[in-house]
Amino acid sequence: MGVLNLISGIPKEGMSVEARSDSKGYYEETVTDSSGNYRLRGLHCDTTYTIKIVKINAFGTSNIERASAESVEVKVGYEDIKSLDFLVFEQLEITLLTGMVQGSRNK
């Protein structure tokens, strides 16, 4: 159905992707594989779903700040939906700060 990549282009494994139809009460969820691919199965035809990235991954943790797009609405027909891709922005685990201090010595 689509691919989930970091902003750097690296595939993101183990992220949950959900499809919700609030009007009909349907819900499906899947997890991205090692290539960032996901496939939502069991979606009902003639139903509109909101597809979005769940910020908590399959391992119960996440450092995902946000996704682009936040969510996508799709109407499911009788053919597969393809290329529903997302970019995710990760919070950095560590920030490196480098610099140089210059000064003069007073006597």
Task: Atom pair CG (N5) and OG (S35), whose distance is rounded to the nearest 0.5 Å - done: 9.5 Å
Task: N37 side-chain N/O to V3 backbone N/O, donor-acceptor pair under 3.5 Å - done: no
Task: Least distance between heavy atoms, E13 atom then T32 atom - done: C-OG1, 3.4 Å
- [ ] Determine whether the side chains of E28 and Y26 contain a donor N or O and an acceptor N or O closer than 3.5 Å.
- [x] no
Open item on the list: Would you say that T48 contacts E73 through its side chain, given a criterion of any heavy-atom pair below 4.5 Å between the two side chains?
Closed with: yes
TODO: Using the side chain to side chain contact (heavy atoms under 4.5 Å, CB included) rule, take M1 and L43 through it: C-alpha gap first, then chi angles, then the decisive distance, then the call.
DONE: CA-CA 12 Å; M1 188 163 192; L43 302 182; 4.1 Å; yes
Task: Presence of salt bridge, R39 and D80, under 4.0 angstrom - done: yes
Open item on the list: I'd like to know whether D85 forms a side chain to side chain contact (heavy atoms under 4.5 Å, CB included) with L4, so could you lay out the CA-CA distance, the side-chain angles of the two residues, the decisive distance to 0.1 Å, and finally the verdict.
Closed with: CA-CA 6 Å; D85 302 338; L4 194 144; over 6 Å; no
Open item on the list: What I'd like to find out is whether the side chain of V76 reaches to under 4.5 Å of the side chain of I81, using heavy atoms alone.
Closed with: yes
Open item on the list: Please find the pair of heavy atoms, one from K52 and one from E70, that lie closest to each other, and give the distance.
Closed with: CB-O, 3.5 Å
Open item on the list: Determine whether a donor-acceptor pair (N or O, by modelled atom type, separation under 3.5 Å) exists between the side chain of Y49 and the backbone of H44.
Closed with: yes
Task: Short side-chain to backbone donor-acceptor contact, S16 and V54, under 3.5 Å - done: no
Open item on the list: Strictly distance-based, threshold 3.5 Å: is any side-chain N or O of S68 a donor or acceptor partner for the main-chain N or O of L87?
Closed with: no
Task: Separation between CD of E29 and CZ of R20, rounded to the nearest 0.5 Å - done: 8.5 Å
Open item on the list: Has T47 got a side-chain atom pairing as donor or acceptor with C45's backbone, closer than 3.5 angstrom?
Closed with: yes
Open item on the list: side chain to side chain contact (heavy atoms under 4.5 Å, CB included) for L84 and I51? Distances and angles first, verdict last.
Closed with: CA-CA 9 Å; L84 193 55; I51 313 293; 3.8 Å; yes
Task: Smallest separation among heavy atoms of S34 and P11, with atom names - done: O-CB, 4.0 Å
Open item on the list: Count I, L, V, M, F, W, Y as connected when their side-chain heavy atoms are under 4.5 Å apart, and connections chain through other members. Are I53 and I7 then in the same cluster?
Closed with: no
